[in-house]
Visitor: 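Just dropping this structure here.
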Amino acid sequence: MNLLITGAAGGVATMLRPRLARPDRVLRLLDIAPVTPGAGEEAVTASVTDLDAMTEACRGMDAVLHLGGLSTEHAWDDIAAVNIDGTYRVFEAARRAGVPRVVFASSNHAVGFHPNDGAEAPDYGFPRPDTFYGVSKVAGEALGSLYHDRYGLDVVCLRIGSCFERPSTDRMLATWLSPDDCARLVEAALSAPSPGFRVVWGISANTRAWWSLAEARSLGYEPQDNAEDYAGEVTVEADEYDRFLGGAFCSPKLDQGG
Ligand code: 15L
């Protein structure tokens with residue numbers, strides 16, 4: 001199983017590389033920043049915004065894990081160019097090269113302005129982005145839906161919570177996705193038979209979870225970690241914006257002006 005990973009120099013990809021390595025798998029690592037490939041890996045220095053380079057990078061791959069792009073709020077022009085146009089090019093390149101499956105790193109910020117009432121937010125919540133970044137994740141999900149319905153690609157969108165080595169704030173006691181569980185979720189998204197188009201939450205088995213794991217589990221995801229194990233170590237922020245699913249991304253501090 002050959003897997004192209006975009007955004008390979010980024011934080012999530014760096015945590016995933018050793019966890020996704022398999023003797024019978026090539027990981028093709030694509031980023032604008034140079035990446036040093038290890039055993040079973042290949043590196044491609046290119047931008048997701050370059051359709052020809054993306055199409056070339058997709059050749060011979062069985063799936064694309066699209067992690068590339070801006071991972072926080074930025075000015076509209078940058079979000080539009082890198083996250084929205086770039087994600088279009090990833091899907092289009094996959095289609096042109098005959099790659100049958102794309103796993104797209106969406107985000108909780110696609111639905112960040114939904115009120116957080118403490119109950120588990122359901123799967124497939126209607127888009128309610130909290131930032132231009134969140135809008136780009138909604139656009140990526142929409143592109144995934146289109147490329148499934150029109151061209152038959154299998155597309156799994158992961159509405160990732162907070163994927164870091166450890167939870168560091170009280171919000172992350174609800175939203176944490178451990179690196180090991182992230183790899184488990186990606187493996188489920190890569191191996192579920194004919195998933196079609198899916199949108200699943202990406203969190204660990206957190207005692208204080210705000211989000212449903214029903215759809216992720218239906219793909220075969222079995223989380224093993226729980227942020228609660230770190231409850232004594234996190235910073236308590238009591239962020240007033242935790243009344244929304246997107247937390248601090250809902251703050252006016254992220255207004256882009258204009
Ligand atoms: C995200 O989508 C961001 O990429 C990441 O930096 C975190 O802020 C995360 O969401 C989160 O909500 O914790």
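Both ligands and their constituent atoms are indexed starting at 1 by order of listing.
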Visitor: Lys137: heavy atom below 4.0 Å from ligand 1, yes or no?
Guide: no
Visitor: Tell me: protein heavy atom nearest atom 4 (O) of ligand 1, and distance?
Guide: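 Scanning the protein heavy atoms, the shortest distance from atom 4 (O) of ligand 1 goes to Ser71 O, 2.6 Å.
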Visitor: Ile5 and side chain to side chain contact (heavy atoms under 4.5 Å, CB included): which partner among Val12, Val186, Leu67, Val64?
Guide: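 Running side chain to side chain contact (heavy atoms under 4.5 Å, CB included) over Val12, Val186, Leu67, Val64 with Ile5 returns exactly one hit, Leu67.
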Visitor: Quick one: does ligand 1 sit under 4.0 Å from the side chain of Met172, the backbone, both or neither, non-hydrogen atoms only?
Guide: neither
Visitor: Any donor-acceptor pair under 3.5 Å linking the side-chain atoms of Ser218 with those of Arg198?
Guide: yes
Visitor: Determine, for Glu187 against Arg25, whether the closest basic-nitrogen to carboxylate-oxygen distance falls under 4.0 angstrom.
Guide: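 Arg25 and Glu187: salt-bridged.
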Visitor: Is the count of non-hydrogen atoms from other residues, nucleotides or ligands lying under 6.0 Å from Leu146 atom CG greater than 12?
Guide: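 Enclosed.
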Visitor: Students should be able to answer this: which protein heavy-atom is nearest to atom 12 (O) of ligand 1, and at what distance?
Guide: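 Sorting protein heavy atoms by distance from atom 12 (O) of ligand 1 puts His109 NE2, 2.7 Å first.
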Visitor: I need the atoms of ligand 1 closer than 4.0 Å to a non-hydrogen atom of Phe249, numbered in the order shown.
Guide: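 Per the distance check, 8 (O).
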Visitor: Any idea how Phe249 and His109 line up, ring-wise: parallel (<30°), tilted (30 to 60°), or perpendicular (>60°)?
Guide: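 Parallel: the ring planes of Phe249 and His109 meet at under 30°.
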Visitor: Return the residue, atom name and 0.1 Å-rounded distance of the protein heavy atom closest to atom 13 (O) of ligand 1.
Guide: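 The protein heavy atom lying closest is Ser162 OG, 2.6 Å.
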Visitor: Tell me which one of Gly161, Gly134, Ser107 gets a heavy atom nearest to atom 9 (C) of ligand 1.
Guide: Gly161
Visitor: Inspect the contact between Arg89 and Asp50 and indicate whether a charged nitrogen and a carboxylate oxygen are less than 4.0 angstrom apart.
Guide: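 No, this pair does not count.
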Visitor: In plain terms, say whether Arg96 and Glu92 are close enough for a salt bridge, that is, a side-chain N and a carboxylate O under 4.0 Å apart.
Guide: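 Yes, this pair counts.
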Visitor: Determine the minimum heavy-atom distance between Cys250 and Phe113, stating which atoms define it.
Guide: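 Heavy atoms only, the tightest pair is CB-CE2, 3.5 Å.
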Visitor: Find all atoms of ligand 1 within a distance of less than 4.0 Å from any non-hydrogen atom belonging to Tyr133, and give their numbers and elements.
Guide: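 Going through ligand 1 atom by atom, the ones under 4.0 Å from Tyr133 are 1 (C), 2 (O), 3 (C), 4 (O).
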Visitor: How does Asn108 reach ligand 1, by side chain, by backbone, by both or by neither, if only non-hydrogen atoms under 4.0 Å count?
Guide: side chain
Visitor: Is Thr72 close to ligand 1, meaning an N/O of one under 3.5 Å from an N/O of the other?
Guide: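 In fact, backbone or side chain, Thr72 has no N or O that close.
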Visitor: Taking only heavy atoms of Arg171, which atoms of ligand 1 are found under 4.0 Å from at least one of them?
Guide: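 Counting atoms of ligand 1 from 1, those under 4.0 Å from Arg171 are 11 (C), 12 (O), 13 (O).
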